[in-house]
2 protein chains.
Amino acid sequence: MNLPPLVQSFVLHFGEMGSRWGINRTVGQIYALLYVSPEPLNAEQIVEALGISRSNVSMSLRELQAWNLVLLKHLPDDRRDFFMTPDDVWQILRTLAEERKKREVDPTLSVLREILMQQPASEAERHAQARMSEMHGLIEQLTTWYEDVKQLETDRLATLLTLGAKVTRLLEAKDKIVSLGRSKRTTEKG
Amino acid sequence: MNLPPLVQSFVLHFGEMGSRWGINRTVGQIYALLYVSPEPLNAEQIVEALGISRSNVSMSLRELQAWNLVLLKHLPDDRRDFFMTPDDVWQILRTLAEERKKREVDPTLSVLREILMQQPASEAERHAQARMSEMHGLIEQLTTWYEDVKQLETDRLATLLTLGAKVTRLLEAKDKIVSLGRSKRTTEKG
DNA sequence: TCGTGATTTCAGTAATTACTGAAATCACTG
DNA sequence: CAGTGATTTCAGTAATTACTGAAATCACGA
């Protein structure tokens, strides 16, 4: 691996984290490399920078494309493919969220729906369905929220984030005011 | 594997998804089993239900404990350990978020900080640092927001979620109004 | 059409990760 | 402090996943 020290640290870290993030080492390293590169790189440059095989680069780029995490760019008078990451980190975040949802949440949601359609054949199944229904409800609530906020433009999303805490405090204040005029309180949950 | 059909579907699905979630098949299956079980299970019961080795169960339960996803329970006059998942799905969500952050985000944040402390030795490193700084800023903003909302009690968190969209619309409306009277600047931070 | 260079595919191999069974350890009882 | 049952450890093996090199395919210009 032949890279400036700071870049190398970053690339190696992404490689190590790769497995925790559900991608592999090479994919992580390539992404990191492209992310900090001042201009698009072709496959051969990646081979040289990371010291891995050409075919590995090809497969890993393909995976990054499946994740929509890299863009393919063509330079004039050059037949080779050049790759880059989107500049906007917020856009990257959106893509990441969308793809992870697609891979990690949606399948479960659909399995839960399917199971909940069935008639329970025993008390054990009835109880299991009740639990799955709780899980299903939670996931639905989360995805509804997500579908909503993902539409936001970048600056508005940023505002919402920095506001997050303040909205909370507003809710708390409202709550206190409301509770003053209340005679009874219902707090128990099952 | 000897389970009611609906439970089995759920358990098998969690097993398959396990790898996408950064845990392995067995861990996923055990978690699913405990989640839908009406009462705590001991290791031997898990062995029977899933048809896997006793030692595998032991190691997988240990991992689930490292994730804080299962609770150990002792029954009177019984030396065996019984395991269960927390009832409250919101609490489970919190735990999951916390643990994933710890494993998947925090290490990167600290590596980024470390690299950003260094003096760039070339134009390439300077550019790389600028990119890393963007990433660092985004992650900080996200984690700040997260630290804030994770404190919320369950019902308040739920409110915030269902409100999510409305807060957005409110911001949009405010934005329009502000832009109408743009000659003077009305900032309402704080 | 052929030739050239870029890219992809894929079978084989390496590396990693998951799982098992046997042995060790632990926690409690008599 | 021996005996019993529960649990954990760990070395070996199985299963899975990652990577490579060689061959095939592709895209384009002459």
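Here the structure is a predicted model, which is why all the values come from computation and not from measurement. Naming: A, B, ... by sequence-line order, numbering from 1 per chain.
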**Q** Could you tell me how far apart B/His74 (NE2) and D/dG5 (C1') are, to the nearest whole angstrom?
**A**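 That distance rounds to 13 Å.
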**Q** Quickly, which of B/Glu99, B/Glu104, B/Glu98 forms a salt bridge (Lys or Arg N to Asp or Glu O under 4.0 Å) with B/Lys102? Name it, please.
**A**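 With B/Lys102 as partner, salt bridge (Lys or Arg N to Asp or Glu O under 4.0 Å) holds for just one option, B/Glu99.
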**Q** A/Asn42 has an atom CG; how far is it from atom P of C/dT8, in whole Å?
**A**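 It is 12 Å, rounded to the nearest whole Å.
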**Q** Is B/Arg62 near enough to D/dT7 that one of its side-chain N or O atoms lies under 4.0 angstrom from OP1 or OP2?
**A**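 Negative; the distance criterion is not met.
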**Q** Checking all strands, does A/Asp81 fall into the base, sugar-phosphate, or nothing category for heavy-atom contacts under 4.0 angstrom?
**A**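 If one applies the 4.0 Å heavy-atom cut-off, A/Asp81 turns out to touch the sugar-phosphate alone, with no base involved.
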**Q** Output the rounded distance in Å from CG (A/Leu64) to P (C/dT8).
**A**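 One finds 13 Å between P of C/dT8 and CG of A/Leu64, rounded.
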**Q** Give me the ring orientation class for A/Trp21 and A/Phe14: parallel if the planes are under 30° apart, tilted from 30 to 60°, perpendicular past 60°.
**A** perpendicular
**Q** Assign a letter to each nucleotide of nucleotides 18-23 of chain C from its 5' end: B, base within under 4.0 Å of a protein heavy atom; S, sugar-phosphate only; -, no contact.
**A** SSBB--
**Q** Rounding to a whole Å, what distance do you find between A/Leu75:CG and C/dA6:P?
**A**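 Taking atom P of C/dA6 as the reference, CG of A/Leu75 is at 13 Å.
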**Q** Rounded to the Å, how far apart are B/Asp77 CG and D/dG5 P?
**A**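 My rounded result for the distance is 17 Å.
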**Q** With sequence neighbours excluded, what pairs up with A/Trp67 under the ring pair (Phe, Tyr, Trp, His ring centres under 6.0 Å) test?
**A** none
**Q** Under 3.5 Å, is there a donor-acceptor pair between the side chain of A/Ser58 and the main chain of A/Arg54?
**A**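 It does not hold such a pair.
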**Q** Strictly by Watson-Crick or wobble contacts shorter than 3.5 Å, is anything paired with D/dA22, and which nucleotide is it?
**A**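 Paired with C/dT9.
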**Q** Atom CZ of A/Arg80 and atom P of C/dT8: how far apart are they, to the nearest Å?
**A** 14 Å
**Q** Cut-off 3.5 Å, side chains only: do A/Asn68 and A/Thr95 have a donor facing an acceptor?
**A** no
**Q** Does this structure show an ion pair linking A/Arg113 with A/Glu140, if we count only N-O contacts that are shorter than 4.0 Å?
**A**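 Salt bridge: yes.
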**Q** For the pair made of CZ in A/Arg79 and P in C/dT7, what is the distance, rounded to whole Å?
**A** 9 Å
**Q** Under the rule for side-chain contact (heavy atoms from CB on, under 4.5 Å), what residues qualify as partners of B/Gln45, not counting sequence neighbours?
**A**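 B/Leu41, B/Asn42, B/Phe82.
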**Q** Once you round it to whole Å, what is the distance between P of D/dG29 and CG of A/Asp78?
**A** 13 Å
